[in-house]
Amino acid sequence: MARTLIAYFSHTGENYFGGAIRTISKGNTAVVAEFAQQATGGDCFEIKTVKEYPVNYKACCDVAQQEGRAGERPELAGALPDLSGYDTIVLGYPCWWGTMPQAVCTFLEGADFSGKKILPFCTHEGSGMGRSEDDIKKLCPGASVAKGLAINGSACTAAAPSVKKWLTANGL
């Protein structure tokens, strides 16, 4: 029986919402990951780092940009899930500086995705998927990477129908 894992990285605290900074207690990507879990019945895994990202929006952006430029791989908190029982990985993240956060790169490099289908989705405020789909393909050459779903973070709470439609179109 095919099993699905929803793995996601999300940021709480200050976030940019269509021209304004707002404080949120649940990250946009976490909201969308819950919709994916409800639609698939899959298991969820939150990608967390040992060192937390700043709550302050500008400070978080600065750290994310520095990590990206340096190609850093932040240490993840806790063990990675055993992927051997999963056929499909729904992978969620915010789009930071045109791609996924470096913590997601750490996750992808920490496991063998050969033979897996990866369905990426991101939350954003105007950048769409950026180059993240290509970056996933480079980090997971043995995986099949589907066309991703880009969800405007400001509208993520209304994204359940779009998420379900995208998952269904991808065989889930």
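Quick caveat, the model's predicted, so the values are computed rather than measured.
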**Message:** Assigning hydrophobic clusters by single linkage (Ile, Leu, Val, Met, Phe, Trp, Tyr; side-chain heavy-atom cutoff under 4.5 Å), is I47 placed with V63?
**Reply:** yes
**Prompt:** Applying the 4.5 Å side-chain criterion to the ILVMFWY set and letting contacts propagate, would Y93 and L76 be lumped into a single cluster?
**Reply:** yes
**Asked** With the 4.5 Å side-chain cut-off for hydrophobic clustering, are L108 and L119 part of the same group?
**Response** no
**Asked** Checking Q37 side chain against G42 main chain: does a donor-acceptor pair fall under 3.5 Å?
**Response** yes
**Item:** Spatial distance of atom CZ (R73) from atom OG1 (T49) [nearest 0.5 Å]
**Value:** 14.0 Å
**Request:** Scan for ring pair (Phe, Tyr, Trp, His ring centres under 6.0 Å) pairs involving residues 118-172, sequence neighbours excluded, and state none if there are none.
**Result:** none
**Message:** Within this structure, what is the CG-CZ distance for the pair L83 and R3, rounded to the nearest 0.5 Å?
**Reply:** 10.0 Å
**Complete:** P94 and F9 have their tightest heavy-atom pair at CD-O, 3.2 Å
**Prompt:** Looking only at heavy atoms, what is the nearest atom pair of S10 and T29, with distance?
**Reply:** OG-N, 3.4 Å
**Complete:** CG (D112) and SG (C140) are apart, to the nearest 0.5 Å, by 9.0 Å
**Fill in**
All heavy atoms of G148 vs all of E133, minimum pair found to be N-OE2, 2.6 Å
**Asked** What distance separates Q38 CD from L167 CG, expressed to the nearest 0.5 Å?
**Response** 11.5 Å
**Item:** Side chains of M129 and P120 in contact at under 4.5 Å (non-hydrogen atoms)
**Value:** yes
**Request:** Applying side chain to side chain contact (heavy atoms under 4.5 Å, CB included), run through L172 and V90 and close with a yes or a no.
**Result:** CA-CA 10 Å; L172 295 180; V90 178; 4.1 Å; yes
**Request:** Taking the side chain as every heavy atom from C-beta outward, state whether I6 and L91 have any atom pair closer than 4.5 Å.
**Result:** no
**Message:** Is it the case that atom CD in E52 sees more than 12 heavy atoms from other parts of the structure closer than 6.0 Å?
**Reply:** no
**Asked** What pair of heavy atoms forms the shortest contact from C156 to I151, and how long is it?
**Response** CA-CG2, 4.1 Å
**Prompt:** Of all heavy-atom pairs between H11 and P54, which one has the smallest distance, and what is that distance?
**Reply:** NE2-O, 2.9 Å
**Message:** Within this structure, what is the NZ-OG1 distance for the pair K116 and T88, rounded to the nearest 0.5 Å?
**Reply:** 9.0 Å
**Request:** Any chance you could measure T23, atom OG1, to E14, atom CD, to the nearest 0.5 Å?
**Result:** 5.0 Å
**Prompt:** Any side-chain heavy-atom pair from F45 and Y8 closer than 4.5 angstrom?
**Reply:** no
**Prompt:** Can you check side chain to side chain contact (heavy atoms under 4.5 Å, CB included) on K26 and V31, steps first, answer last?
**Reply:** CA-CA 7 Å; K26 181 183 283 189; V31 170; 3.6 Å; yes
**Item:** Validation row: E125, N152 side chains within 4.5 angstrom (heavy atoms)
**Value:** yes
**Prompt:** Transitive ILVMFWY cluster of F17 at side-chain heavy atoms under 4.5 Å: who else is in it?
**Reply:** I24
**Message:** Is any side-chain heavy atom of W96 closer than 4.5 Å to one of C60?
**Reply:** yes
**Prompt:** How about E75 and T106: does a side-chain donor come under 3.5 Å of a side-chain acceptor?
**Reply:** no
**Modelled atom types, side-chain donor and acceptor of T4 and Y86, under 3.5 Å** = no
**Prompt:** What closest approach, in Å, do G18 and S154 show between heavy atoms, and which atom pair accounts for it?
**Reply:** N-OG, 3.5 Å
**Message:** Consider side-chain contact (heavy atoms from CB on, under 4.5 Å). Of L139, I118, I136, V145, which one does F113 pass it with?
**Reply:** I118
**Asked** Between D134 and K138, is there a side-chain N and carboxylate O pair less than 4.0 Å apart?
**Response** no
**Prompt:** Can you check whether E72 reaches Q66 side chain to side chain, under 4.5 Å on heavy atoms?
**Reply:** yes
**Request:** Indicate whether the side chain of Y53 and that of E67 have a donor and an acceptor atom separated by less than 3.5 Å.
**Result:** yes
